[in-house]
Amino acid sequence: MDDETLILARRDVQELLGYDECIAAVEDAFRRHAAGASLAPGVLAVKAPSGAFHVKAAGLRLGRTYFAAKTNANFPDNPRRRGRPAIQGVIVLCDADDGRPLALMDSMEVTLRRTAAATAVAARRLARPESATVAVCGCGQQGRAQLRALARVLPLRRVFAFDAEASATRAYAAEMSGELGLPVSAAASVDEAARDSDVVVTCTPARAPLLARRHVRPGTFVAAVGADSPEKRELEADLLAGATVVPDVLEQCAAIGELRHALAAGALARADVRGELADLVAGRVAGRTSAGEITVFDSTGTALEDVAAAALVFERARERGLGLRVALGA
């Protein structure tokens, strides 16, 4: 009924949000954003004693106009101290024409898959088409999602994995090689993982740079995924200074992404940025222009991705009769 809200658990999202469909939805979201068919994304951060809450919101016109607000709690010590995930949260999906809350869903799987989908969208335009070797630095759940998405858009043949915890690296290598049928090697350092790779993904909680220009060869595509708050940083400024840089959202990356640190260091100016991912998808700026070009995708994660993925989940849930219906205003 129109006055009911659909409640969707993580298992529902996992069933409804395939990687191929998520990549297509995220790509379409950036294309619509470039065409002006969006409600401008916004970000709010609130610190707590042991972590922080991040709120991201945006809207998209997808036939009907959807609005989504995602609240994620990031408590890094949770796995060690409480046996709980570091990141937990929910997405509220609303009808942006009349404000009705359409759905409330777990955000964890949406966040994993839409973030990886954005990397895949960027890789189609910024990686060399023949890229076959990828290094994943950060062997958590996001590192797994990143590899799954990249395997759908690039002809991968070999993977190098690195994590600060050697046990996490070994577990990742064993799991992902079995899942994807690719040889995944556990690297002992970032340099060992990156030096022979066509694509390097960093998805760590690092607060000091771990990847520099000396670690990558000409023609490499770098997806910097970990920095989503002002204190986080994974890339040395010299890597961005000598690269083609494409942020997901320019102002957001200048405030909380890798771009923030490069701008502060004077390594590049805003005018040096080629364009946002939306510009790339819409064809307003060029993607890779030469085989030797180093390209960097600064991914801070935007609610444009959240609303696209959440709307897809909601529409499929209604088609299949999944989820719990609740009249919140009753």
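The structure displayed is predicted, hence computed values, not measured ones. The first residue of the sequence shown is numbered 1, and numbering continues consecutively from there.
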Between G143 and C203, the two heavy atoms sitting closest are CA-SG, 3.5 Å

Are F75 and F53 an aromatic pair, judged by ring center distance below 6.0 Å?
yes

Drop me the distance from F160's CZ to E192's CD, to the nearest 0.5 angstrom.
7.5 Å

Do S197 and V134 touch side chain to side chain, with heavy atoms closer than 4.5 Å?
no

Around R214, counting heavy atoms of other residues, nucleotides and ligands shown, do more than 12 lie under 6.0 Å from its CZ?
no

Are L16 and F314 grouped together when hydrophobic residues (ILVMFWY) are joined by side-chain heavy atoms under 4.5 angstrom apart?
yes

Any side-chain heavy atom of I23 within less than 4.5 Å of one from V121?
yes

Compare all side-chain heavy atoms of R318 with those of R325 and state whether any distance is below 4.5 angstrom.
yes

Considering all heavy atoms, the nearest T169-A186 contact:
CG2-CB, 3.5 Å

Does CZ in R157 sit with more than 12 non-hydrogen atoms of other residues, nucleotides or ligands closer than 6.0 Å?
no

Where do E179 and R148 land on the salt bridge (charged side-chain N to carboxylate O under 4.0 Å, His left out) test, with the steps shown first?
CA-CA 9 Å; E179 177 182 326; R148 290 172 184 135; 2.7 Å; yes

Test D238 against R213 for salt bridge (charged side-chain N to carboxylate O under 4.0 Å, His left out), laying out the working first.
CA-CA 6 Å; D238 69 337; R213 173 65 184 86; over 6 Å; no

Are D198 and R217 ion-paired here, with the side-chain N under 4.0 Å from a carboxylate O?
yes

Please evaluate residues R64 and D97 with respect to the criterion salt bridge (charged side-chain N to carboxylate O under 4.0 Å, His left out), reporting the C-alpha separation (whole Å), side-chain torsions for both, the decisive distance (0.1 Å), and the verdict.
CA-CA 8 Å; R64 77 196 297 175; D97 293 321; over 6 Å; no

Using side chain to side chain contact (heavy atoms under 4.5 Å, CB included) as the criterion, list what pairs up with V90, not counting sequence neighbours.
L104

Once rounded to the nearest 0.5 Å, what's the spacing between atom OG of S38 and atom CG of L62?
10.5 Å

Hydrophobic clusters here meaning ILVMFWY residues chained together by side-chain heavy-atom distances under 4.5 Å, can you tell me if L280 and V225 are in one?
yes

Using a 4.5 Å cut-off on heavy atoms from C-beta on, say whether the side chain of L211 contacts that of L239.
yes

Within the distance-only criterion (no hydrogens, no angle test), does the side chain of K56 pair as donor or acceptor with the backbone N or O of G301 below 3.5 angstrom?
yes

Can you tell me how far CD1 of I91 sits from OG of S107, rounded to the nearest 0.5 angstrom?
5.5 Å

Within-4.5 Å side-chain heavy-atom neighbours: V313 and D12:
no

How close do A262 and L240 get, counting heavy atoms only, and between which atoms?
CB-CD2, 3.9 Å

Answer with yes or no whether the hydrophobic clustering places L268 together with F297; edges join I, L, V, M, F, W, Y residues whose side-chain heavy atoms lie under 4.5 Å apart.
no

Is L6 close to L102 at the side-chain level, that is, under 4.5 Å between some pair of heavy atoms?
no

Is the backbone N or O of P85 less than 3.5 Å from a side-chain atom of N78, with the two atoms forming a donor-acceptor pair by type?
yes

Do other residues, nucleotides or ligands put more than 12 heavy atoms under 6.0 Å from the CZ atom of R10?
yes

State whether the side chain of R114 and the backbone N or O of A309 hold a donor-acceptor pair below 3.5 Å, judged by distance alone.
no

Taken to the nearest 0.5 Å, the spacing of S50 OG from R81 CZ works out to 5.0 Å

Any donor-acceptor N/O pair, H261 side chain to K232 backbone, under 3.5 Å:
yes

Taken to the nearest 0.5 Å, the spacing of L147 CG from M176 CE works out to 4.5 Å

Mind checking whether L150 and L156 have side chains closer than 4.5 Å, heavy atoms only?
yes

Please check this pair: side chain of E109 against backbone of V13, looking for a donor-acceptor N/O pair closer than 3.5 Å.
no

Answer yes or no: are there more than 12 heavy-atom neighbours, outside E130 itself, under 6.0 Å from its atom CD?
yes

Heavy-atom closest pair, residues L39 and A96
CD1-CB, 4.1 Å

According to a 4.5 Å side-chain heavy-atom criterion applied to Ile, Leu, Val, Met, Phe, Trp and Tyr, with indirect links allowed, do V246 and V200 form part of one hydrophobic cluster?
no

Look only at the side chain of Y66 and the backbone of A310, and say whether a donor-acceptor pair between them is shorter than 3.5 Å.
no

Any donor and acceptor pair, going by atom type alone, linking the side chain of R128 with main-chain N or O of G219 inside 3.5 Å?
yes

Between the side chain of R113 and the main-chain N/O of L17, is any donor-acceptor distance below 3.5 Å?
yes

Minimum heavy-atom distance between V153 and A123, given as atom pair plus value
CG2-CB, 4.4 Å

Dump the intermediate steps for side-chain contact (heavy atoms from CB on, under 4.5 Å) on V136 and R144, then the final yes or no.
CA-CA 9 Å; V136 178; R144 287 163 168 79; over 6 Å; no

Should the heavy atoms of other residues, nucleotides or ligands under 6.0 Å from CZ of R274 be counted, would the total exceed 12?
yes

Treating R32 as the side-chain partner and R61 as the backbone partner, does any N or O pair qualify as donor plus acceptor under 3.5 Å?
yes

Under 3.5 Å, is there a donor-acceptor pair between the T295 and E293 side chains?
no

CD of E175 to CZ of R170, rounded to nearest 0.5 Å, is 15.0 Å

Do R284 and E276 meet the salt-bridge criterion of a basic N to acidic O distance under 4.0 Å?
no

Using a 4.5 Å cut-off on heavy atoms from C-beta on, say whether the side chain of C253 contacts that of E258.
no

Looking at L235, is its backbone amide N or carbonyl O close enough to the side chain of R233 to form a donor-acceptor pair, meaning the two atoms are under 3.5 Å apart?
yes

For the side chain to side chain donor-acceptor pair (under 3.5 Å) test, which of D298, T300, D228 pairs with Q252?
T300

More than 12 heavy atoms from other groups under 6.0 Å of CZ on R207
yes

For a salt bridge (charged side-chain N to carboxylate O under 4.0 Å, His left out) check, start with the C-alpha distance between E27 and R125, then their side-chain angles and the critical distance, and finish with the verdict.
CA-CA 12 Å; E27 186 168 30; R125 295 159 175 83; 2.4 Å; yes

